[in-house]
Amino acid sequence: MAITAPRGTRDILPGESWKWNYIINTASETMKDFGFREIHLPIFEHTELFSRGVGETTDIVEKEMYTFIDRGERSITLRPEATAGVMRSAIENNLCVQNSIAKLWNWGPMFRYERPQKGRYRQFYQIDAECLGVQNPFADVEIISLSIEIFRRLGLKNLEVVINSVGCEKCRPIYREKLLNYFDAHKNELCETCLTRLDRNPLRILDCKKEACSKVADGAPDIYDSLCDECREHFEEVKKGLERLNFTYKLNKRLVRGLDYYTKTAYEILSGDLGAQNAVAGGGRYDNLSTAIGGNKIPGVGFACGIDRIMLVMEQQNCSFGEVPKTDVYVAALDNEAKGAAQSLTYELRKNKISAECDISGKSFKAQMKNAGSCNFACIIGSEEIAKNSVSVKNLSDGTQVNIPISEAVEYINHQV
RNA sequence: GUGAGUGUAGCGCAAUUUGGUUAGAGCUUCGGAUUGUGGUUCCGGCGGUUGAGGGUUCAAGUCCCUUCACUCACCCCA
């Protein structure tokens, strides 16, 4: 049996790799316009970074990480998300000392052991941006507007921005306590998974999609009543900021992120064109992440968006991916004696940065011209032409053709393309 | 981890309700003819252990079991 790609992974084939480049280039330009700088991080990290950063009781850490012991007996994990690594790097390299701020972005593969389905893979790709060192709600607005702008430039339609505040280390425990009391009183109405959530992470019950649980959650205490003054004010400023930029958004007090490090702002950008996995981007503020992984206090806010999912939505909505890559010139040999001359001319063109191709597999002239169909020009050389030292250059879009000396071919085509 | 559906040529599909000769066309590819040197048309060739393994049967692409993969949903998230 031939070996196949592991479950949940996929190959980005030539037919779509140029679309990926378009998405990444668009993101890259937007990042630059927003003053974010690119950072490259390892794909694997010490397991502890995620167990302490993302949170011991999260689904990601409990059952979704690719963790293994390396030959030096270190516990290593393929990164399941980007934020913890960025924060680790910022601490380790002092990117955020003495009130300086760091605006960083990167893209690359992330790994989670899940059952694959539409828009969900075991190796998936994210574009990630983090703004570190700023407590101010303007930073939250900057991050949210950045993600929206990337999608706007890509031409995505019908997106929904949903925001919430999940409180901070001061007010969340109080809210948690209230929730605990409430859900404890409605224990018999909750589903099994929610019962386990009860003592581990009661906030997550709010997120449960089961009708019974959601009904119970409807009557649960409102998080906004529990927010401390600082969190409340922060949240108000974020909302004001979004309105100032004319963004429409929805509030969802049930929006709870699956990663423990989030504080205050949490948000998601949803698309109706994705099936069940409807989030194209998600993020928020994480003011306690740095201390959780052993650093000094560095506030932060950021987002990640799934490239695979952006791709799905763009295909669904027939968005433009820019220009399809195309070879300028096909150099066709009329007969076998001319194949060498064809390759020589092809190389001359390439040296002049004109994309060119010729047959390297011994195809007939007819077959060569078929391949030439996707190019702008065809150069046709036969052994007779070599003797005469000339070549026919045909413009494949209008059918016009000229005979010129081979030595002038590069210059002529350079003019045309 | 749970559930449902699917698996036949490189691709998308067919194979007569209820198992029955040598599993078929189309597109692609390759070759030939024709077209002024590609695109059109015609002819021909290559291409399959029916995902894999086992079972039932005189007979299995078709029925049963196991396994793998894909798809979608739960869960969770981007």
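Numbered from 1 within each chain, the chains take letters A, B, ... in sequence-line order.
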ask   = Any ion pair linking A/Glu243 and A/Lys240 (charged N to carboxylate O, less than 4.0 Å)?
value = no
inquiry  = Classify A/Tyr121 by what it touches in the nucleic acid, base, sugar-phosphate, or nothing, heavy-atom distance under 4.0 Å.
reply    = base
message = Check the phosphate of B/C70 against A/Arg7, side-chain N and O only, distance under 4.0 Å to OP1 or OP2. Yes or no?
response = yes
task = Return the 5'-most residue of the pair A/Gln126, A/Lys118 with respect to RNA chain B, ranking by each residue's nearest nucleotide.
result = A/Lys118
message = Applying a 4.0 Å non-hydrogen cut-off, can you work out what A/Gly373 is touching in the nucleic acid: base, sugar-phosphate, or nothing?
response = base
task = Report which part of the nucleic acid A/Ala372 touches: base, sugar-phosphate, or nothing (heavy-atom distance under 4.0 Å, all strands).
result = nothing
ask   = B/U37 P sits how many Å from A/Met369 CE, rounded?
value = 11 Å
query = Can you say whether the rings of A/Phe321 and A/Tyr22 are parallel (under 30°), tilted (30 to 60°) or perpendicular (over 60°)?
reply = perpendicular
message = Can you list everything that forms a salt bridge (Lys or Arg N to Asp or Glu O under 4.0 Å) with A/Arg254? Sequence neighbours excluded, please.
response = A/Asp218
query = Does A/Gln277 place a side-chain N or O at less than 4.0 Å from the phosphate oxygens OP1/OP2 of B/A78?
reply = no
note = Out of B/A78, B/U37, B/G38, minimum distance to the side chain of A/Lys370 belongs to B/G38
query = What interatomic distance, in whole Å, is found between P of B/G51 and the corresponding atom of B/U57?
reply = 23 Å
query = If the P atom of B/A23 is compared with that of B/C70, how far apart are they to the nearest Å?
reply = 30 Å
task = Pick base, sugar-phosphate or nothing for A/Gln368, based on heavy-atom distances below 4.0 Å to the nucleic acid.
result = nothing
inquiry  = In whole Å, measure the gap between the P atoms of B/U49 and B/C68 for me.
reply    = 23 Å
ask   = Do the side-chain N and O atoms of A/Glu169 and A/Asn288 include a donor-acceptor pair separated by under 3.5 angstrom?
value = yes
query = Ion pair present between A/Asp308 and A/Arg10, side-chain N to carboxylate O less than 4.0 angstrom?
reply = yes
message = Please classify the nucleic acid contact of A/Asn278 as base, sugar-phosphate, or nothing, using heavy-atom distances under 4.0 Å.
response = base
remark   = From the list A/Thr67, A/Thr57, A/Val61, side chain to side chain contact (heavy atoms under 4.5 Å, CB included) with A/Ser51 holds only for A/Val61
inquiry  = Applying a 4.0 Å non-hydrogen cut-off, can you work out what A/Gly382 is touching in the nucleic acid: base, sugar-phosphate, or nothing?
reply    = nothing
ask   = So, A/Asn371 versus A/Glu357: side-chain donor-acceptor pair below 3.5 Å or not?
value = no
task = Return the stacking result for B/A78 and A/Phe124: yes when the ring centres lie under 5.5 Å apart and the planes under 30°, no otherwise.
result = yes
remark   = Dot-bracket assigned to RNA chain B with the 3.5 Å Watson-Crick/G-U criterion, [ ] for crossing and | for other-strand pairs, is (((((((..((.(......[...).)).(((((.......))))).....(((((..]....))))))))))))....
request  = Please measure how far the C1' atom in B/A9 lies from the corresponding atom in B/C46, and state the result in whole Å.
outcome  = 11 Å
Dump every N/O contact between nucleotides 31-36 of chain B and the protein below 3.5 Å, one line per pair.
| unit_1 | atom_1 | unit_2 | atom_2 | d |
| --- | --- | --- | --- | --- |
| B/A33 | N6 | A/Lys366 | NZ | 3.2 |
| B/U34 | O4 | A/Lys366 | NZ | 3.1 |

Check: A/Asp33 and A/Glu149 side chains under 4.5 Å, non-hydrogen atoms = no
query = When the distance from CG of A/Asp128 to C1' of B/C77 is rounded to whole Å, what number comes out?
reply = 15 Å
ask   = Expressed in whole Å, how much space separates the P atoms belonging to B/C27 and B/G45?
value = 15 Å
query = Rounded to the nearest Å, what distance is computed from the CD atom of residue A/Glu114 to the P atom of nucleotide B/A73?
reply = 13 Å
task = Find the distance A/Asp11:CG to B/C70:P and express it as a whole number of Å.
result = 12 Å
inquiry  = Output the rounded distance in Å from CZ (A/Arg122) to P (B/A69).
reply    = 8 Å
inquiry  = Give me the distance, rounded to whole Å, that separates B/C74 from B/C65 when you measure between the C1' atoms they each carry.
reply    = 27 Å
query = If we take the C1' atom in both B/G48 and B/G7, what is their distance in whole Å?
reply = 14 Å
request  = For B/U34 versus B/G39, give the span between their C1' atoms, rounded off to a whole number of Å.
outcome  = 14 Å
message = For A/Phe235 together with A/Tyr224, are the ring centres under 6.0 Å from each other?
response = yes
query = Does the ring centre of A/Trp105 sit less than 6.0 Å away from the ring centre of A/Phe34?
reply = no
ask   = For A/Arg115 and B/G3, what is the distance between atoms CZ and C1' respectively, to the nearest whole Å?
value = 9 Å
key: Qualifying residue, where the test is side chain to side chain contact (heavy atoms under 4.5 Å, CB included) with A/Glu268 and the options are A/Val161, A/Asn278, A/Leu255, A/Val280   = A/Leu255
remark   = Between OH of A/Tyr262 and P of B/C77 the distance, given in whole Å, is 10 Å
remark   = When rounded to the nearest 0.5 Å, the distance separating CD1 of A/Ile150 from OG of A/Ser28 is 9.5 Å
query = Separation of A/Arg120 atom CZ from B/C72 atom C1', in whole Å?
reply = 11 Å
message = I want to verify a distance call: between B/U37, B/A78, B/C75, whose nearest atom is closest to the A/Ala279 side chain?
response = B/A78
remark   = Ranking A/Tyr113 and A/Ala276 by the position along RNA chain B of their nearest nucleotide, the one closer to 5' is A/Tyr113
